Every structure is written in structure tokens, then in C-alpha cells.
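Structure first, commentary second.
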Amino acid sequence: MNEQKFENEFDDIDDIAYHLIIWEGEKAIANARLYRDEDEKNSYIIGRLAVLKEYRKCHIGTKLMNLLEEKVKALSGEKINLSAQCRARAFYESLGYRASGDIYLDEYCLHIHMEKLIK
């Protein structure tokens, strides 16, 4: 939030989402949330993925995404949707996500919708 100067940290989704935090000792180094997509049957949304800057080349983001995908499978989900910052698009594509639709602004940052079918 602070690094990218986002303003909207908390919302009502926080109360219904699964939250995943990766710790190193007592320090939270990565987090994300997962919740059911009310608009699409058997779909889930991943959001608020963040990894501390000093850990970004340590594959923590990949581990976080793999854990979230396993949770979706355990919940019998079939698809994951997410709103990716355009600068992170290649990261998500490397994990099998596909971009769709137009680029849009979210909190003054360019984003694109991405999705992945879960088997």
C-alpha cells in the first residue's frame, strides 16, 4: 500500500475472503486474498497479492500463487480471475494466466483482467 501509494487497503471483501500470509520468522513477507466470484459459477478471485521488495526475486510470489491455486482446487473451483498490474502481466502469464479485455486504471495504476482454468 505504502510503496505504490494505494489508498483503499480494506474493504468488505476482507471479511469473507481467505487470507494467505507467508512469514519469515515473525515478519510477514507476502500476502494475498482469495474469494468466491459471485458473477461466475465455480470461479474465484485472487487479489491484493504483495511481496516485500527485498523478497521479489526469491520466487515467493510463485509459491503464494501455487498455494492459492491448491486452495481453489480444494474448494472445487474451476477458474481463477484476477486484476493484474500491467507491469506484473508476464509473471502471471508464466503461471498460465491469460489476459483478456482492455487495460484499465485502478487507483491510478494500469491493470488488465487475467484468468486461468484450474484442472
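Here the structure is a predicted model, which is why all the values come from computation and not from measurement. One is the number of the first residue; the rest follow in order along the sequence.
With salt bridges taken as basic N to acidic carboxylate O contacts below 4.0 Å, one links Arg89 and Glu93.
Contact of the Tyr18 side chain with the Arg33 side chain is not registered, since no non-hydrogen atoms from C-beta on lie closer than 4.5 Å. For the pair Asn81/His113, a side-chain contact is recorded, criterion being any heavy-atom separation below 4.5 Å from C-beta on. Counting heavy atoms from C-beta on, the side chains of Leu110 and Gln85 never come closer than 4.5 Å. Side-chain contact check for Arg98 versus Met114: every heavy-atom pair is 4.5 Å or farther apart.
The hydrophobic clustering, which links ILVMFWY residues whose side-chain heavy atoms are closer than 4.5 Å, places Leu49 and Tyr104 apart. In this structure, Ile45 is not a member of the same hydrophobic cluster as Leu117, with clusters built from ILVMFWY side-chain heavy atoms closer than 4.5 Å.
Distance check, rounded to the nearest 0.5 Å: CG of Leu34 to OH of Tyr44 gives 7.5 Å. Atom OG in Ser43 sits 9.5 Å away from atom CZ in Arg36 (nearest 0.5 Å). Here the CD1-CG distance, from Ile46 to Leu82, works out to 6.0 Å after rounding to the nearest 0.5 Å. One finds the CD1 atom of Ile112 at 9.5 Å from the OG atom of Ser83 (value rounded to the nearest 0.5 Å). The distance from the CD1 atom of Ile80 to the CD atom of Glu69 is 4.5 Å, given to the nearest 0.5 Å. Between Ile118 atom CD1 and Ser76 atom OG the span is 12.5 Å, to the nearest 0.5 Å.
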Enumerate donor-acceptor pairs with a distance under 3.5 Å from any side-chain N or O in residues 21-28 to protein atoms, sequence neighbours excluded.
{"residue": "Glu24", "atom": "OE1", "partner": "Tyr55", "partner atom": "OH", "Å": "2.4"}
{"residue": "Lys27", "atom": "NZ", "partner": "Glu54", "partner atom": "OE2", "Å": "3.2"}

Only distances under 3.5 Å count here; give the side-chain donor-acceptor pairs of residues 58-68 to other protein atoms, sequence neighbours excluded, each with its distance to 0.1 Å.
{"residue": "Asn66", "atom": "ND2", "partner": "Thr62", "partner atom": "O", "Å": "3.3"}

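The aromatic rings of Tyr97 and Tyr92 stand perpendicular to each other, their planes meeting at an angle above 60°, with 30° marking the opposite boundary.
Take Glu78 and apply the side-chain contact (heavy atoms from CB on, under 4.5 Å) test, not counting sequence neighbours, and it matches Asn42.
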